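I have placed the structure first, in the form of structure tokens, so that the comments after it can refer back to it.
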Amino acid sequence: MIVVGDVANKYCAIPITFAKYYLQPLTNNLRLNKIQLIQYRNYSSSVFEFAAPVTCITGANGSGKTNLLDAVYYLCYTKSYFSAYQQNSVQMGLDGFRVTGKFEHGADLETISCKWKAAKKEVFKNEVAYEKFTDHIGRYSAVMIAPDDTELINGGSEPRRRWVDSILGQVDKEYLERLMHYQRILLQRNAWLKLQAFKSTTDYSELDFYNEQLAADATYIHRQRSKFLIDFMPLLNEFYHRLSGGAEIIQVSYTADLNNKSMEEWLVNGLDQDLRLQRTLRGIHKDDWEFSLNGMILKQFGSQGQKKSFLFALKLGQYAYLSKVLGHLPILLLDDIFEKLDQSRMEALLSIIRDKTFGQVILTDTHPERIRQAFGPEAEIGFIHL
Ligand SMILES: Nc1ncnc2c1ncn2[C@@H]1O[C@H](COP(=O)(O)OP(=O)(O)OP(=O)(O)O)[C@@H](O)[C@H]1O
């Protein structure tokens with residue numbers, strides 16, 4: 001287990017004020033100026049413009065605020081933030097949707113269009129279809145903060161792996177490609193393991209090939225995940241303490257099979273068990289991260305407030321990390337946060353966002369006057385009333 005926290009930071013070359021350095025305004029900013037939604041969830045055909053640095057989408061419950069925010073996320077990652085099933089984003093009873101966005105990326109004006117029809121997705125940049133969606137990832141970054149989205153803290157290991165992968169996949173193309181390759185080979189190895197139950201003789205050459213491929217990918221991914229944690233901890237620390245006002249010691253433990261043994265060793269030594277259970281039991285697909293405050297595991301012992309601050313700190317840390325590594329400020333998407341946050345956390349979050357070191361911010365709220373009041377009279381805020 002690799003533990004990174006206040007103590008470990010003593011040995012880390014990165015100073016604790018790292019976050020401030022990360023959040024210096026960058027010139028190569030990303031902006032979404034306009035979005036068009038066709039047959040996307042509750043939108044039949046709508047166009048919205050985002051003229052101000054901060055846009056607040058307001059409307060009654062169920063009017064489509066979150067859906068619009070999700071459409072912005074879709075343009076950035078070619079998938080919904082809230083649903084793993086593409087078909088859920090299609091307006092009920094229809095067979096496809098299209099979302100188009102006009103972006104400003106530094107000096108470039110770019111049109112991104114995502115189309116889903118008859119279970120097939122296509123993504124276009126300036127009307128030219130991408131051959132690989134991976135070419136899109138990392139250029140249009142966004143960070144979504146949705147307070148109900150607590151599975152990152154309370155859920156099993158999968159949402160945490162997905163979260164780390166979504167960050168590293170954006171900043172490191174080799175990581176994304178190796179991860180996709182690893183997942184493909186893992187399925188093939190598992191299919192091979194299942195097949196052996198029906199065979200009288202075993203041909204190991206195929207297994208050797210899978211093992212070799214998995215080992216190469218896993219070694220790279222494990223190294224990058226370990227490095228990420230060291231870079232990320234100062235950011236998490238800073239944002240957590242700014243949000244909570246507390247002085248708790250934060251620790252994040254990275255539990256990975258590869259912390260103890262190489263992937264080759266796990267695959268070779270664990271073969272009997274893998275054959276018995278007909279799946280690959282060890283590897284980077286089992287990695288997890290455990291969050292603690294003052295030595296107590298957050299998931300088990302944290303208060304609701306501590307968990308909320310931690311979730312927000314993870315997301316703001318993600319924002320800061322992506323800005324530095326990608327060289328542009330991602331779009332910050334805040335879903336219904338003012339409804340769900342207590343006053344002190346809300347003020348702390350606003351003071352961070354008002355720093356002007358953030359790029360475009362798009363948020364949702366049922367009460368426009370609450371947003372106007374929260375940001376102050378001088379803030380340049382655009383309102384979209386649904
Ligand atoms: N695939 C779909 N087709 C048609 N309508 C949909 C689809 N998916 C969701 N909706 C509708 O979208 C509406 C919910 O939109 P959304 O969650 O964006 O609302 P909201 O304004 O964020 O609400 P709240 O303030 O309660 O969070 C619901 O009325 C729901 O029925």
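Start at 1 and go down the list; that is how both ligands and their atoms are numbered. Residue indices begin at 1 and follow the sequence shown. Keep in mind that what you see is a predicted model, and the values were worked out from it rather than measured.
- In this structure, the protein non-hydrogen atom closest to atom 12 (O) of ligand 1 is Asn67 ND2, 3.0 Å.
- Residue-level proximity to ligand 1 for Asn88 is carried by the backbone, the only part with a heavy atom below 4.0 angstrom.
- Among all protein heavy atoms, the one lying closest to atom 26 (O) of ligand 1 is Asn61 ND2, 3.2 Å.
- Remark: of the listed residues Lys120, Lys117, Lys115, Lys117 is the sole one forming a salt bridge (charged side-chain N to carboxylate O under 4.0 Å, His left out) with Asp95.
- Heavy atoms of Val90 found under 4.0 angstrom from ligand 1 belong exclusively to the backbone.
- A centroid separation of 6.0 Å or more is found between the aromatic rings of Tyr240 and Phe291.
- Comparing Thr366, Leu69, Thr66, Ile57 by heavy-atom distance to atom 17 (O) of ligand 1, the nearest is Thr66.
- For atom 2 (C) of ligand 1, the nearest protein heavy atom lies closer than 4.0 Å.
- Within the 4.0 Å heavy-atom cutoff, Gly64 counts among the residues contacting ligand 1.
- Counting protein heavy atoms only, atom 21 (O) of ligand 1 is closest to Lys65 NZ, 2.8 Å.
- The shortest contact between atom 4 (C) of ligand 1 and any protein heavy atom is with Arg41 O, 3.3 Å.
- The shortest N or O to N or O distance between Gln91 and ligand 1 is not under 3.5 Å.
- The ring pair (Phe, Tyr, Trp, His ring centres under 6.0 Å) test with Tyr43 singles out one residue from Phe48, Phe97, Tyr74, and that residue is Phe48.
- Two rings, from Trp163 and Phe232, have their centers less than 6.0 Å apart.
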Start with the C-alpha distance between Tyr210 and Leu186, add both sets of side-chain angles, then the distance that settles side-chain contact (heavy atoms from CB on, under 4.5 Å), and finish with yes or no.
CA-CA 8 Å; Tyr210 296 143; Leu186 189 66; over 6 Å; no
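- Checked options His328, Gln318, Gln170; the residue passing with Ser141 is His328 (criterion: side-chain hydrogen bond (donor to acceptor under 3.5 Å, both in side chains)).
- Side-chain contact, Asp287 with Tyr254: a donor N or O sits under 3.5 Å from an acceptor N or O.
- Closest protein heavy atom to atom 29 (O) of ligand 1: Gly62 O, 3.4 Å.
- Judged purely by distance below 3.5 Å, without hydrogens or angles, the side chains of Ser113 and Thr100 pair a donor atom with an acceptor atom.
- Shown in contact with Ala60 at under 4.0 Å from a heavy atom are these atoms of ligand 1, numbered in order with element: 21 (O).
- Between the side chains of Asp336 and Thr364, no donor N or O sits under 3.5 Å from an acceptor N or O.
- Remark: minimum distance from atom 11 (C) of ligand 1 to any protein heavy atom is reached at Asn42 CB, 3.9 Å.
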